[in-house]
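Have a look at the structure below before the remarks.
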Amino acid sequence: MKKLVMTLGTGFLAASLLMSPAQAAQNNTGPAVPNQQNLSISGFMTYEQMTKRLDQIVSNSQGRVEVEAVGYSNQGREIYKATVGTGDRVILIESEIHGNEKTGTEALLNILQFLGSSNSPKAKQIREEVTIVALPKVNPDSAELDRRANDMTWSEVVEAFPQLSEASAPAWNYYTRTLQGTNYAERPGFDVNRDFNPDLEYTPKPEDFPGESASPGWFITPEAQTIRDVYLDLQNQFGKVDVFVDLHHQGPFMTVEGTDDDVTMSISGQFVPDPNTAAGEKYNKYAENYDYDFSRQLNVAVYDALQIGNSPFKNISLYQQGLDLPGTALGSFALNGSGTVLFEVRGQTQSFGQKMRGQLVKAVEDGLYGIIEGVADESVYEIDPEKYEDIPLTIR
């Protein structure tokens with residue numbers, strides 16, 4: 001992977017997983033259909049503010065945190081990777097693959113700040129036992145526009161991959177309509193989190209378009225290509241990526257199974273059928289790598305971390321199961337051997353703006369520490385994976 005050394009000093013999944021974009025638009029039931037407009041998001045950091053914050057974290061860390069640019073968005077913004085720790089077990093965490101889902105970036109930077117600057121026994125143990133690789137704002141064009149999709153046209157894809165001029169239609173995840181309050185007819189884009197393929201060496205073929213939600217993606221967006229390249233680089237360096245966590249938001253009107261309680265966050269470790277079962281037979285070549293039990297253990301670690309004491313974040317539920325989404329980063333990387341965890345906090349920016357920002361950022365942060373500490377002290381490997389089945393479901 002080509003690495004771009006940077007100088008910072010200058011510096012749904014969600015409900016729509018369950019239906020096609022056309023269905024979501026027709027039914028007006030896509031994730032967090034806006035009931036208000038023009039809500040303030042000034043409390044969330046911009047791309048420029050993020051680069052300055054990363055610069056501060058690097059400066060304060062005395063060499064413990066390394067940051068580099070590992071790729072570019074379609075509009076030319078650098079995509080950053082931050083690394084802390086020297087352990088053999090690798091935890092890769094990404095946020096803002098959808099630009100209107102912002103709490104994950106805030107939580108990641110708080111964790112990097114603590115692990116980079118703290119001399120506490122907890123921080124030291126984590127740094128010694130694991131290597132944490134963070135990709136904050138992996139879709140910076142989308143983040144700056146505060147919308148789900150990136151900023152890219154189908155003609156730009158064809159320019160990059162001339163063979164796709166023979167495709168029967170653009171990719172199914174290419175937005176040219178109004179979605180979540182954004183008119184993509186004026187500025188089209190792709191849902192980057194449908195642009196992944198379990199075959200990490202896949203080259204786009206015209207016969208694979210337009211595709212569908214239950215089919216693999218194509219790595220046609222530079223943002224997905226960058227994430228894939230980081231993953232491959234870590235595989236080459238460490239042998240495998242032990243854990244992959246994807247930080248998202250979902251619709252605002254969810255309750256915890258058996259209660260009237262609003263969901264704080266949904267989690268999941270299931271994104272494709274198990275290749276070792278009849279339902280997952282089409283993924284059979286990945287069967288040896290797939291470790292669903294480890295994904296379940298990681299999710300239980302998150303759940304348990306958010307049930308402690310008088311935590312206000314106890315309303316944690318299990319995202320819908322039985323999914324088949326190989327075009328997502330989570331589905332693709334699960335088939336490549338990573339334990340996987342989805343975070344889906346309540347409401348996107350068009351739902352609440354910055355309301356509940358502090359609470360939701362803290363929930364993500366505490367949940368991530370459940371994973372990080374569990375891998376560092378190896379307690380996660382002692383968890384009974386069947387406890388995953390006891391986590392209450394998310395009710396829509």
Take the angle between the ring planes of Y292 and Y388 and call it parallel below 30°, perpendicular above 60°, tilted in between.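 Judged by the thresholds at 30° and 60°, the geometry between Y292 and Y388 is perpendicular.
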(request) Anything under 30° is parallel, anything over 60° is perpendicular, the rest tilted; go ahead and classify Y47 against Y80. (result)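 Judged by the thresholds at 30° and 60°, the geometry between Y47 and Y80 is parallel.
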Can [X] and [Y] be counted as an ion pair, charged N to O under 4.0 angstrom?
{"X": "K387", "Y": "D384", "result": "no"}
{"X": "K52", "Y": "E48", "result": "yes"}
{"X": "E389", "Y": "R296", "result": "yes"}
{"X": "E223", "Y": "R77", "result": "no"}

Is the closest side-chain donor-acceptor distance between [X] and [Y] under 3.5 Å?
{"X": "S61", "Y": "S117", "value": "no"}
{"X": "N139", "Y": "R147", "value": "no"}
{"X": "Q321", "Y": "S268", "value": "yes"}
{"X": "D195", "Y": "T221", "value": "yes"}
{"X": "E144", "Y": "T46", "value": "no"}

query: Sub-3.5 Å donor-acceptor pair from the side chain of E344 to the main-chain atoms of S266, do we have one?
result: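 Answer holds: no.
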Checklist entry - Is it the case that R89 places NZ or CZ above or below the six-membered ring of Y381, under 6.0 angstrom from the centre and within 45 degrees of the axis? => result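 No, R89 and Y381 do not form such a contact.
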Exercise. Does the cation-pi check pass for R177 over Y175, that is, NZ or CZ under 6.0 Å from the six-membered ring centre and within 45° of its axis?
Worked result: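 Ring-cation test returns yes.
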Pairs touching residues 131-161 that satisfy ring-ring contact (aromatic ring centres under 6.0 Å, His included), sequence neighbours left out =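 Checked against ring-ring contact (aromatic ring centres under 6.0 Å, His included) - neighbours excluded - the pairs reaching residues 131-161 are W154-F209.
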Check: [Y] and [X] side chains under 4.5 Å, non-hydrogen atoms:
{"X": "K124", "Y": "S118", "answer": "no"}
{"X": "V67", "Y": "K81", "answer": "no"}
{"X": "H248", "Y": "V345", "answer": "no"}
{"X": "F114", "Y": "K122", "answer": "yes"}

Q: Hey, could you give me each pair passing salt bridge (Lys or Arg N to Asp or Glu O under 4.0 Å) that has a residue in residues 322-341? Not counting sequence neighbours.
A: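 Matches after skipping sequence neighbours: K282-D324.
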- Message: Among V375, V90, V130, I93, exactly one meets side-chain contact (heavy atoms from CB on, under 4.5 Å) together with V243. Which residue is that?
- Response: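 That would be V375.
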TODO: With L247 as reference, evaluate L108, I97, T105, L135 under the side-chain contact (heavy atoms from CB on, under 4.5 Å) test and give the passing residue.
DONE: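 The option that passes is L108.
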*asked:* Can you tell me if Q62 has over 12 outside heavy atoms packed within less than 6.0 Å of its CD?
replied: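 Count not over threshold, so no.
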| query | For atom CG of D390, is the number of surrounding heavy atoms from other residues, nucleotides or ligands below 6.0 Å larger than 12? | reply |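 Yes.
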### Task
Run the ring-centre check on H98 versus H249 and record whether the distance is less than 6.0 Å.
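Between H98 and H249, the centre distance exceeds or equals 6.0 Å.
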Out of the candidates E94, E96, E78, only one should pair with K137 under the salt bridge (charged side-chain N to carboxylate O under 4.0 Å, His left out) rule; please name it.
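That would be E96.
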| task | Show your reasoning for whether ring pair (Phe, Tyr, Trp, His ring centres under 6.0 Å) applies to Y174 and Y184. | result | CA-CA 9 Å; Y174 180 49; Y184 287 98; 9.3 Å; no
- What heavy-atom pair brings P326 and S215 nearest, and what distance separates the two atoms?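 Scanning both residues, the minimum pair turns out to be CG-C, 3.5 Å.
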Checklist entry - With Q235, which residues qualify under side chain to side chain contact (heavy atoms under 4.5 Å, CB included), at least two apart? => result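 Residues passing side chain to side chain contact (heavy atoms under 4.5 Å, CB included) with Q235: L200, Y231, L232, V241, N336.
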